[in-house]
2 protein chains.
Amino acid sequence: MYVTNANQAVDMADFAQFPTETCALPETRLAAGAHLFREGDAVTRIYQVVAGVVSLNRLLEDGRRQIIAFGLPGDLVGFPCDGRHHTDCEALSLVRLQPFRITQIDCATGDPVLRARFMEAALHEIAAMQDHFMMLGRKSAAERVASFLIALDARTGQDRDGQRRVDLPMSRADIADFLGLTTETVSRVLSQLRKSRVIALDGIHRVVFLRPAALRALATGDCD
Amino acid sequence: MYVTNANQAVDMADFAQFPTETCALPETRLAAGAHLFREGDAVTRIYQVVAGVVSLNRLLEDGRRQIIAFGLPGDLVGFPCDGRHHTDCEALSLVRLQPFRITQIDCATGDPVLRARFMEAALHEIAAMQDHFMMLGRKSAAERVASFLIALDARTGQDRDGQRRVDLPMSRADIADFLGLTTETVSRVLSQLRKSRVIALDGIHRVVFLRPAALRALATGDCD
DNA sequence: CGCGCGCGTTGATCGCGATCAAGCAGCACG
DNA sequence: CGTGCTGCTTGATCGCGATCAACGCGCGCG
């Protein structure tokens, strides 16, 4: 499920473990920057991300962008509504995808086990989006960035030398558009966290958690 | 389909038209201010709002509140995630509700038609939330209020003397918590729209659209 | 009728994050 | 090796919406 908070970190990877007979469609690849689908497109497939990262975007006429969710390995993307996609989906890196025919989801026909999984994924996505709402509507810039790092850590964080490390596979602009901020503000908050020894930056795209408790307190607003 | 934008205004009222045998549960009522369920509660029922309005809320430890959605007549509320509710649900007025057993939704057992309706409702909710994201992340205060009025009009607006009218069944504080603003800002924006003759206020809880086109332009940011 | 209370409105000020701008680091290219 | 480009960082300033405060209005109640 989508990058939003820790309790969403249910492992969906077993989706891919369905026998290929039920999948019936070969894995596809997408280069960084390419679009998997766009808002308004008719939905014929839904996809499970096998490797890489995608973003689900909404655009306003004047160019303002909001990233609804990042799709990480295990996530399902492409939920239809009235047969149409309601976001753009863009690859942020080289992405491998397992497609499923939308007809396999329809209630009349289709595989009941796959359908149940699909339902479960949709309900998890709703819960994940609810956390994201709190972030966008009520949290400060620092709280948003801290929440984001913690959510990403819960999904893809690694242990190394007893410290948590997390890769940021997306640009600062992508993070900003996800959090409802600007790239400048994201950069400033990360610098501030670095200066106060809460995190360290190991290159642009890797964060080391030096004081995870402080980060967690910041994320939930308990720091006052 | 929660109050979010016009293209969500699919009529869900036919949910209630299922023969009572499939419902099997009697309609319930809830007084204004009472809670239907709270975050963390085990999910045994989902509910369709028959009359009145409910809000789905998230709270932060320090009291900050975000309203995820308003549940208007026809809407389904109480989507489970891992068997738990992930929001509070509070009645904003006297509410009538049609409960459904969650077991009727499970894939193994349960009514397939009801299950398909439930799936459709969940997918619509996802799409509606995506619009709300753009609102919270990227729109100005005036754009948020205008978008809200237009979305509410699409759901519950009335024609009267050739003018659209819409009731606001919730308080200014509820609107503010839905839009990620403060009550003062909501009040100021409404006053501004009134002074510029875009809307008129017929009492505290009713808005008349004087210049719907201007309101629509404001909502989408086309006014520049 | 007087009073208190909750909710909404309006005004004054503050501060966070956006905006505008400059500089820097990494990297592909000839 | 130099050059240009792109993405990230940092600084200076601005403005929107939050905050703090006062007031008005409707309404229930003694």
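Hydrogens, waters and symmetry mates are skipped; everything else that's a heavy atom, side chains included, is used. All chains are named by letter (A, B, ...) in the order of the sequence lines, taking the proteins before the strands, and each is independently numbered beginning at 1.
Remark: B/Thr185 engages B/Ala141, B/Leu181, B/Thr182, B/Val189 in a side chain to side chain contact (heavy atoms under 4.5 Å, CB included) (not counting sequence neighbours). Partners of B/Asp153 under the salt bridge (charged side-chain N to carboxylate O under 4.0 Å, His left out) rule, at least two apart in sequence or in another chain, are B/Arg164. With sequence neighbours excluded, the residues forming a side chain to side chain contact (heavy atoms under 4.5 Å, CB included) with B/Ile204 are B/Arg172, listed by chain and number. Residues satisfying the ring pair (Phe, Tyr, Trp, His ring centres under 6.0 Å) criterion with B/Tyr47, sequence neighbours excluded, are absent altogether. Remark: A/Glu27 pairs with A/Arg96 by the salt bridge (charged side-chain N to carboxylate O under 4.0 Å, His left out) rule, at least two apart or across chains. Residues meeting the ring pair (Phe, Tyr, Trp, His ring centres under 6.0 Å) test with B/Phe209, sequence neighbours left out: none. Every residue two or more places apart in sequence or in another chain that forms a side chain to side chain contact (heavy atoms under 4.5 Å, CB included) with B/Asp167 is listed here: B/Arg206. Residues that satisfy the salt bridge (charged side-chain N to carboxylate O under 4.0 Å, His left out) test with A/Asp174, not counting sequence neighbours, are A/Arg65.
Rounded to the nearest 0.5 Å, atoms CZ (B/Arg188) and OG1 (B/Thr183) are 9.0 Å apart.
C/dG8 atom C1' lies 15 Å from atom CG of B/Asp177, rounded to whole Å.
Residue A/Gly180 is classed as a sugar-phosphate contact, given heavy-atom separations below 4.0 Å to backbone atoms only.
In 5' to 3' order, the nucleotides of DNA chain D bounding all contacts with chain A (an atom under 4.0 Å from a heavy atom) are D/dC8 to D/dA12.
Here the shortest heavy-atom pairing between A/Ser147 and A/Lys139 reads OG-NZ, 3.0 Å. The two residues B/Val166 and B/Leu152 have their closest heavy-atom pair at CG2-CG, 3.8 Å.
End-to-end axis angle of the helix from C/dC1-D/dG30 to C/dG30-D/dC1, using five pairs per end and rounding to 10°, comes to 30°.
The residue among A/Val186 and B/Thr185 whose nearest nucleotide of DNA chain D is located toward the 5' end is A/Val186.
A heavy atom closer than 4.0 Å to some atom of DNA chain D occurs in A/Ser191, A/Arg194, these being the qualifying members of residues 189-198 of chain A.
Between B/Asp75 and B/Arg155 there is a salt bridge, since at least one side-chain N of the basic residue sits less than 4.0 Å from a carboxylate O of the acidic one. Residues A/Asp82 and A/Arg84 are not paired through a salt bridge, judged by the lack of any N-O separation under 4.0 Å between the basic side chain and the carboxylate.
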Check the interface with nucleotides 20-29 of chain C: list each N/O to N/O pair with the protein under 3.5 Å, or write none.
from, atom 1, to, atom 2, distance (Å)
C/dC20, N4, A/Glu184, OE2, 3.2

